[in-house]
Amino acid sequence: MHNQKELTIILGPTGVGKTDYSLELAKEYGSPIINCDSRQLFTEMRIGTAPPSPEQLACVKHYFIFSNSVQEFYTAGRYELEALALLQELFKEHDRLVMVGGSGMYIDALCNGLDDFPQADQQLRACLMKRLEQEGLENLRSQLKLIDNKSYQTIDIANPQRVVRALEVTLQTGRKFSDWKSVPKKVRPFEIKKIGLIRNRAELYNRINKRVDLMMADGLLEEVRSVLPYRNMPALKTVGYKELFDYIDGLTNLETAVDLIKRNSRRYAKRQLTYWGRDEEIRWYDQF
RNA sequence: AGGGGCAUAGUUCAAGGGUAGAAUAGCGGUCUCCAAAACCGUUGAUGGGCGUUCGAAUCGCUCUGCCCCUG
């Protein structure tokens, strides 16, 4: 076996304790840490995304933390390419690397690859979103049925985001969305080990609730105010930010907004667990 | 202690004696680049006992618990 390179990915629901775990493992391996959290990427979001502390960042070299701006359109596809390139570079000097984060789709993109769709055309997407608003979902569905019936049959047509995406790819490329999706998993030139962290549900929820209070004490509201101009960017469709935008708009009071952040964080954690539930490659470790 | 009120899902609130509903929380699921996103589905209750009635969440008695008022 000439290939001894190994990537260890630490994943798990928000608030489970991934950051601390990753630092210990990285120290043991002498590895830097590659982030695979789709929100800790953004330099303007330093409180609401629970990134590593400045001390932790000083302790181990981190990649993909505060590396991008919320003004950019960042996607799982872009992450796949950039993270893969970085790994190739780092594996020249390391045999074992540590990756940590909670974005299931980003992890899948890195491990298995996405099909090579062209980059999304923001104008086309905006146009489709406008049609969605004006004509309604049913119209877009009908069109999808016409130009790519197989996608119509297989995707979740109750989900506007999916319908728009399938139409977008088909219209943009002249090739059916469903035809793009036939490629098998990509093979990566390194071994991948997935470590899942888990803990008792009630305790996890407690940790999440407390962490939200800490974020508020640390000035989350000010941070949210500072990114207000970019609130329509995908990066800011994020738990902790959405709810405080509503508060700033006067739609809720602060207490309600904070409660909603807690609830939505709990739900997010649950969805993460569901997402990973059928990934048999993950070895789960209960945290105490 | 005396007087009054209340008791329905984890919570907040419905149901003029006739199929106990809703909101919310909770739970479960979907997933090929907006993924901390966007969707889909779902469990669960009349405080205990006795009575009236063909039939009780609803009327009566009683017990328990909570709240208010008065010494």
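Keep in mind that this is a model prediction, so the values were computed, not measured. Chain A is the first sequence line, chain B the second, and so forth, proteins listed ahead of strands; every chain is numbered from 1. Hydrogens, waters and symmetry mates play no part in the numbers below; they use all other heavy atoms, side chains included.
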Margin query: Using OP1 and OP2 only, check whether a side-chain N or O of A/Tyr106 sits under 4.0 Å from B/A35.
Written below: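 So the side-chain polar atoms of A/Tyr106 do come within 4.0 Å of the phosphate oxygens OP1 or OP2 of B/A35, strictly under.
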Notebook entry, point to check: Any side-chain N or O of A/Tyr230 under 4.0 Å from OP1/OP2 of B/C34?
Noted result: no
Note to self: Base of B/C34, side chain of A/Arg165 - is there a donor-acceptor contact under 3.5 Å?
What the structure shows: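 Absent.
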Note to self: Under 3.5 Å, is there any donor-acceptor pair linking the side chain of A/Asp156 to the base of B/U30?
What the structure shows: no
Taking atom [atom1] in both [N] and [M], compute the distance separating them and give it to the nearest angstrom.
N     : M     : atom1 : result
B/A15 : B/A20 : C1'   : 7 Å
B/C50 : B/U12 : P     : 28 Å
B/G65 : B/A22 : C1'   : 27 Å
B/U11 : B/C66 : P     : 16 Å
B/G47 : B/C13 : P     : 15 Å
B/U64 : B/G28 : P     : 41 Å
B/G16 : B/U42 : P     : 28 Å
B/C27 : B/C63 : P     : 41 Å

Taking NZ, NE, NH1 and NH2 as the nitrogens, is one of them in [X] or [Y] under 4.0 Å from a carboxylate oxygen of the other?
X        : Y        : value
A/Arg141 : A/Glu138 : yes
A/Asp116 : A/Lys186 : yes
A/Lys194 : A/Asp279 : yes
A/Glu281 : A/Lys193 : no
A/Arg125 : A/Glu168 : yes
A/Lys5   : A/Asp95  : yes

Next item on the list: Starting from the 5' end of RNA chain B, give me the residue, A/Arg78 or A/Met215, whose nearest nucleotide shows up first.
Entry: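 It is A/Arg78 whose nearest nucleotide is closer to the 5' end.
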Check: How do A/Thr238 and A/Arg267 order along RNA chain B: which one's closest nucleotide is nearer the 5' end?
Finding: A/Arg267
Check: On the ring face of A/Tyr63, is A/Lys61 found with NZ or CZ under 6.0 Å from the centre and within 45° of the axis?
Finding: yes
Complement of [N], any strand, by Watson-Crick or G-U distances under 3.5 angstrom:
N     : value
B/U12 : B/A22
B/C27 : B/G41
B/U52 : none
B/A1  : B/U70
B/C34 : none

Please pick, from [options], the nucleotide with the shortest atom-to-atom distance to any side-chain atom of [X].
X        : options             : result
A/Lys237 : B/G29, B/A35, B/C34 : B/C34
A/Arg271 : B/C27, B/G29, B/U32 : B/G29
A/Phe177 : B/C33, B/G26, B/C31 : B/C33
A/Gln161 : B/A37, B/C39, B/C33 : B/A37
A/Met105 : B/A35, B/G26, B/C39 : B/A35
A/Pro160 : B/C39, B/U30, B/C33 : B/C39
A/Arg266 : B/G26, B/A38, B/C34 : B/G26

Distance in angstrom units between [X] [atom1] and [N] [atom2], rounded:
X        : N     : atom1 : atom2 : answer
A/Asn159 : B/C31 : CG    : P     : 12 Å
A/Arg125 : B/A37 : CZ    : P     : 16 Å
A/Asn264 : B/C39 : CG    : P     : 13 Å
A/Lys270 : B/U42 : NZ    : C1'   : 11 Å
A/Ile155 : B/A35 : CD1   : C1'   : 16 Å
A/Gln71  : B/C34 : CD    : P     : 20 Å
A/Tyr268 : B/C27 : OH    : P     : 17 Å
A/Asp259 : B/U12 : CG    : P     : 15 Å

Check: So, A/Phe117 versus A/Phe177, ring centres under 6.0 angstrom or not?
Finding: yes
Item checked: Pair A/Asn209, A/Arg266: side-chain N/O donor-acceptor within cut-off below 3.5 Å ->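 Yes - a donor-acceptor pair under 3.5 Å links their side chains.
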Next item on the list: State, without any angle test, whether A/Asp108 and A/Tyr275 hold a side-chain donor-acceptor pair at a distance under 3.5 Å.
Entry: yes
Item checked: All pairs passing salt bridge (charged side-chain N to carboxylate O under 4.0 Å, His left out) where residues 229-256 of chain A contributes a residue, at least two apart -> A/Arg231-A/Asp249
Mind checking if [X] touches a base, just sugar-phosphate, or nothing, with heavy atoms under 4.0 Å?
X        : answer
A/Tyr205 : sugar-phosphate
A/Arg201 : sugar-phosphate
A/Gly277 : nothing
A/Met129 : base
A/Tyr79  : nothing
A/Ser103 : sugar-phosphate
A/Thr49  : base

Notebook entry, point to check: Hey, can you pull the residues of residues 134-150 of chain A with a non-hydrogen atom under 4.0 angstrom from RNA chain B?
Noted result: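 Going residue by residue through residues 134-150 of chain A, none turns out to have a heavy atom under 4.0 Å of RNA chain B.
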